[in-house]
Amino acid sequence: MKKILYRCWLLAIGCWLLAACTETVSDAKQEAAQPDIYPDYIGVTIPVNIAPLNFNMADETALRIDAVITDRHGHELHSQGDDAVDFDLDDWHTLLGDTPGDSLTVTVSAKYDDGWHTYRPFVLYVSPDSIDYGLCYRLIAPGYEVWSKMGIYERDLSSFDERALIENTQFEGCVNCHSFNRGNPADMSLHIRGPHGATLLRHNGQRSMVNGQWSMAAYDTKTPQTLGLCVYPYWHPSGRYIAYSTNTTRQLFHSADPNRIEVFDEASDVQVYDVEKNELILSPLLKQDSIFETFPVFSADGRSLYFCAARAIPETNQSEQSSVLLDSIRYNLCRIDFDPATGTFGDHIDTIIDAAAQQKSISFPRPSYNGRFLCYTLSDYGQFSIWHHEADLWLLDLTTGESRPMTAANSDDTESFHNWTANSRWLVVSSRRDDGLFTRPYFCHVDADGRVSKAFMLPQRNPRQFYRDRFLSFNVPEFIIAPTRFDGRHAARIINDPSRTPFTVRK
């Protein structure tokens, strides 16, 4: 009984302190404009299960910020703070859960030296389409030459919880190219570069879990018949195959160009790895010396392989590293048949979008898992669109062949890497729109007819403080449908062990 009374007393004290810290918005000047907030969440469509969209006033002279969210039934959610509004997690999810397919009205007030100002309300649209459990990404400093601290992390999208899967403080080198089979962490690929180079594979198709963990193995993916290590992985929907490219790349800095850096192919091929037989499947059509093939992805039904292809720079001119020559490298979207029953390719390649004819270049094709759309990045040239400020997202309707820009989700700066949720309703978009330097994840909704919503930034508890303190780019964001249950210490032991399982090549 005493414990119950003590807890009630603590709760009462907590409520009193909270009320004491909240000011009454009184004698406020009514503004005709909507508030200028950071991040810009005005009019966005959000998943029913997303974390609270906390925000700051963009004007940092504000002394206090107050926000009231109401649904059409009159239910309210209120938050007030010195720098940011911080909505209660449980109350936020209750409010969204009561309004799927509906909208919420947000009224913002800000206190300045001359008193309170109340702005014209704005709307949040709550989609009944949920977003996947989480997001997996690499955090990396936006440098060029050296590895600093980096790692692979996962974030629960319904909260602000983030955890490291593995960091390069656990070994010498860098981690990248993490990939999952339609977001399923049971099928996972992770690439390691440097002295301990390897590809870590975790596959649950024929292996049981040991002590609650999926087994992992390290592979050496370089063979005498291929250009080098396998990169840019993409899983076949069956889980049996992984498409890779092998790229011999070079790096070039521009002396007079808004795009600071260029990474370009000197050679690149595409191949498929048979996980069950430990074999690389090659095709002469996908390893032509006169063509750069890269960014392979399987179609939703697994019976086609999409990839990007460009005519190679003439060998005699490669050493010149001429920006004029680099400007002429433009990738088209292509497709070749693939038979998953036999692991064989078709006998011809189709060009789906001739971007070169439009003086444009395509990178990062990503088909939706329902087979309806394919999202890709369109830039002026090359394939390293992450540093191209003109890069935008386009959506190809696979039923009609129509291709159009995703105007609502694009910005005046870079939109590059992207990925679909398992239900094919949400895209995560890598964008530099915030400051032109750091890549951050944004989300947009794509409905059944291909209508695209305004993109919104990954929520944080205090967005301005978070993104100012974290001088890192979010690289290769991948959705995951469940926690990865990835044992980083076990993975580090495998990476630091020199033994590797080699890939073989199908005869």
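Heavy-atom basis, side chains included; hydrogens, waters and symmetry copies ignored.
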Spacing of D301 atom CG and S238 atom OG [to the nearest 0.5 Å]: 11.5 Å
Pair Y125-D102, side-chain donor/acceptor within less than 3.5 Å: no
Close side-chain approach of R163 to T484, heavy-atom, < 4.5 Å: yes
salt_bridge(K360, D380) N-O dist < 4.0 Å: yes
From R311 atom CZ to Q288 atom CD, the distance as rounded to the nearest 0.5 Å: 9.5 Å
Polar side chain donor-acceptor pair, D187 to H203, under 3.5 angstrom: yes
Side-chain H-bond candidate by donor/acceptor type, T342 with D339, under 3.5 Å: yes
ring-ring contact (aromatic ring centres under 6.0 Å, His included) contacts touching residues 399-425 (sequence neighbours left out): F364-F417
Beyond-backbone contact of V175 with I166, side-chain heavy atoms, under 4.5 angstrom: yes
S268 and E293: CA distance, side-chain angles, deciding distance, side-chain hydrogen bond (donor to acceptor under 3.5 Å, both in side chains) verdict: CA-CA 5 Å; S268 60; E293 303 99 347; 5.0 Å; no
No-hydrogen, no-angle side-chain donor-acceptor test under 3.5 Å, Q359 and Y381: no
Donor-acceptor side-chain pairing of Y467 and D435 below 3.5 angstrom: no
Any side-chain donor near an acceptor of the partner, H191 and T199, under 3.5 Å: yes
Short side-chain donor-acceptor distance under 3.5 Å, S411 and D413: no
Between CG on residue N419 and CH2 on residue W426, distance to nearest 0.5 Å: 15.5 Å
Heavy-atom pair with the smallest gap, counting every atom of N54 and Y41: O-CE1, 3.3 Å
Partner set under salt bridge (Lys or Arg N to Asp or Glu O under 4.0 Å) for D397, not counting sequence neighbours: R372
Residues R240, D274; criterion salt bridge (Lys or Arg N to Asp or Glu O under 4.0 Å); working and verdict: CA-CA 6 Å; R240 176 173 175 175; D274 187 329; 2.9 Å; yes
Separation of F438 CZ from R440 CZ (nearest 0.5 Å): 6.5 Å
Atom pair OG/CG of S189 and N181 - distance to nearest 0.5 Å: 11.5 Å
Taking every non-hydrogen atom, the tightest pair across I349 and C334: CG2-CB, 3.8 Å
salt_bridge(E154, R485) N-O dist < 4.0 Å: no
Pair R506-Q271, side-chain donor/acceptor within less than 3.5 Å: no
Sole residue of F307, Y241, F338 in ring-ring contact (aromatic ring centres under 6.0 Å, His included) with F345: F338
Shortest non-hydrogen contact between A218 and A198, atoms and distance: CB-CB, 4.2 Å
Worked verdict on D434 versus Y38 for side-chain hydrogen bond (donor to acceptor under 3.5 Å, both in side chains): CA-CA 10 Å; D434 193 29; Y38 177 82; 2.8 Å; yes
Pairwise distance OG(S103) to CG(L124) - rounded to 0.5 angstrom: 9.0 Å
T351 (side chain) donor-acceptor with I353 (main chain) under 3.5 angstrom: no
Heavy atoms of other groups near D289 CG, more than 12 under 6.0 Å: no
Sub-4.5 Å side-chain heavy-atom contact between I362 and F295: no
Centroid-centroid under 6.0 Å between Y232 and Y244 rings: no
Intermediate values then yes/no, salt bridge (Lys or Arg N to Asp or Glu O under 4.0 Å), E415 and R433: CA-CA 8 Å; E415 272 72 53; R433 72 184 67 185; 3.0 Å; yes
Full working for side-chain hydrogen bond (donor to acceptor under 3.5 Å, both in side chains) between S473 and N475: CA-CA 6 Å; S473 283; N475 183 247; over 6 Å; no
